[in-house]
Amino acid sequence: MITERQGEILNRIVQEYIELAQPISSQLLEKKYDFGICSASIRIEMQKLTDKGFLYQPHTSAGRVPTDKGYRFFVDNLLAQEISEFNDIFELEDLLKKERDIFKLANKLTKFLAEVSSNLVILHLLERDLFWKEGWEEILKEPEFKEKDFLSSFIRFLNSFEEDIEELKINSGIKIYIGRENPFSKAKDFSIISSKCYLPDEEEAILSLLGPKRMAYDRNISLMNTLIKVMEKF
């Protein structure tokens, strides 16, 4: 268990790390947020969060980075809140209204989602066992992919994902797998947000956003929730 203040600090660290892609220091937190305590006290709370497995310190003098447990706390906190609808809901509705051809819709939908999420998007038509993939251009801009080994791991993870997609075990709603929670190999550095959905003529599909653990969970959860609601209308 962690205190309310530790939870606030942890959520801010995850938010800042997602945005900045660098370890977060107590000095940065003190400048940007009012926790009612000084930088030294924030540092003590960060050490407690580290001892409890929510954060880790990549270097002795560096700030802190979320662990899988830290990301999970952040995501569960998001899911417990009322997440607002995605801003481009009308664009989604327009796309689903205009395009009734299932193959063209799959192509356009994955492209749209890749652009707005900056993640790799995979749409799998279950009955036909067909995959659509979009988003390489967007995801390769993420700083993690400057490391050659990271890209190689992602490709191996992606191959494992496509081969064993039934391991996601999605019945309804959104499933989120973070790092080692993933049921796939080579997945410790990556996250998946997945949902089952229905395209025209009740065509069953699994739609997934894949990317580094440092993904914009709030935006992506909002996007997937909104998409599910919109699809239920058609």
Side-chain angles (χ1 to χ4, degrees), residues 10-11 13-24 53-58 64-79 83 109-124 131-170 173-197 205-225 227:
L10 178 55
N11 281 327
I13 289 172
V14 177
Q15 285 175 335
E16 291 294 331
Y17 183 68
I18 287 170
E19 184 176 342
L20 300 175
Q22 62 185 33
I24 305 304
F54 292 95
L55 301 172
Y56 74 94
Q57 192 171 17
R64 307 299 162 100
V65 171
T67 61
D68 290 3
K69 188 176 178 181
Y71 279 118
R72 173 49 63 190
F73 178 89
F74 177 76
V75 167
D76 286 347
N77 192 53
L78 279 177
L79 293 172
I83 298 175
L109 186 59
T110 49
K111 280 184 177 177
F112 173 79
L113 295 174
E115 286 173 8
V116 297
S117 71
S118 298
N119 290 120
L120 191 73
V121 177
I122 298 183
L123 178 67
H124 179 218
F131 288 87
W132 277 261
K133 284 194 290 285
E134 290 288 346
W136 280 111
E137 186 177 345
E138 287 79 10
I139 201 169
L140 289 177
K141 293 175 185 174
E142 295 297 327
E144 288 88 343
F145 286 93
K146 290 176 183 174
E147 298 289 333
K148 183 182 175 184
D149 290 347
F150 194 88
L151 177 57
S152 300
S153 293
F154 186 70
I155 291 169
R156 290 196 294 271
F157 160 61
L158 185 58
N159 290 336
S160 176
F161 174 89
E162 290 186 14
E163 287 171 8
D164 301 312
I165 193 168
E166 68 277 359
E167 294 296 323
L168 288 174
K169 296 181 172 61
I170 298 172
I174 292 174
K175 277 257 194 179
I176 301 171
Y177 296 93
I178 300 167
R180 296 184 190 278
E181 296 174 1
N182 278 297
F184 309 105
S185 61
K186 306 297 179 185
K188 69 181 179 65
D189 295 316
F190 310 107
S191 285
I192 301 170
I193 300 179
S194 256
S195 179
K196 190 173 282 187
C197 60
I206 291 177
L207 190 60
S208 304
L209 307 181
L210 290 78
K213 287 189 291 189
R214 192 193 55 80
M215 67 160 60
Y217 293 98
D218 51 353
R219 181 183 64 198
N220 290 342
I221 292 169
S222 171
L223 174 61
M224 292 290 272
N225 275 336
L227 179 63

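Just so you know, these numbers use all the heavy atoms, side chains as well, and skip hydrogens, waters and symmetry mates.
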Trace of the side chain to side chain contact (heavy atoms under 4.5 Å, CB included) decision for Phe161 with Leu168:
CA-CA 9 Å; Phe161 174 89; Leu168 288 174; 3.8 Å; yes
Might you work through the side chain to side chain contact (heavy atoms under 4.5 Å, CB included) test for Asn159 and Lys186, ending with a clear yes or no?
CA-CA 10 Å; Asn159 290 336; Lys186 306 297 179 185; over 6 Å; no
Pair Leu140, Leu151 - check side chain to side chain contact (heavy atoms under 4.5 Å, CB included), show working.
CA-CA 8 Å; Leu140 289 177; Leu151 177 57; 3.8 Å; yes
Run Phe150 and Phe190 through ring-ring contact (aromatic ring centres under 6.0 Å, His included) and show every step you take.
CA-CA 10 Å; Phe150 194 88; Phe190 310 107; 5.0 Å; yes
With side chain to side chain contact (heavy atoms under 4.5 Å, CB included) as the test, would you mind laying out the steps for Arg72 and Ile176 before giving the verdict?
CA-CA 9 Å; Arg72 173 49 63 190; Ile176 301 171; 4.2 Å; yes
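Between Phe131 and His124, the ring-plane angle classifies as parallel under the 30° and 60° cut-offs.
In this structure, the side chain of Tyr217 does not engage the main chain of Tyr71 through any donor-acceptor pair within 3.5 Å. Side chain of Arg214 to main chain of Ile18: a donor-acceptor pair is present (N/O by atom type, distance under 3.5 Å, no hydrogens or angles). In this structure a side-chain-to-backbone donor-acceptor pair under 3.5 Å is present from Asn182 to Gly179. Not one N or O on the side chain of Asn220 forms a donor-acceptor pair closer than 3.5 Å with the backbone of Ile193. In this structure a side-chain-to-backbone donor-acceptor pair under 3.5 Å is present from Thr67 to Gly53. Side-chain atoms of Lys196 come within 3.5 Å of backbone atoms of Ile170 as a donor-acceptor pair (strictly under, hydrogens ignored). When atom types are taken as modelled, the side chain of Ser160 and the backbone of Arg156 share no donor-acceptor pair closer than 3.5 angstrom.
Taking the side chain as every heavy atom from C-beta outward, Leu113 and Leu207 approach each other to under 4.5 Å. A heavy-atom distance below 4.5 Å is found between the side chains of Ser118 and Glu142. Put simply, the side chain of Pro212 does not reach to within 4.5 Å of the side chain of Phe154, judged on heavy atoms. By the 4.5 Å heavy-atom criterion applied to side chains, Asp189 and Glu144 are not counted as neighbours.
In this structure, CD in Glu134 is found 11.0 Å from CD1 in Ile122, a value given to the nearest 0.5 Å. Atoms OG and CG, on Ser117 and Leu209 in that order, are 5.0 Å from each other to the nearest 0.5 Å. Taking CG of Asp68 as the start and NZ of Lys213 as the end, the distance is 4.0 Å to the nearest 0.5 Å.
For the pair Lys69 and Phe54, the cation sits on the ring face: its NZ or CZ lies under 6.0 Å from the ring centre, inside 45° of the axis.
Within 6.0 Å of the CD atom in Glu167, the count of heavy atoms belonging to other residues, nucleotides or ligands exceeds 12.
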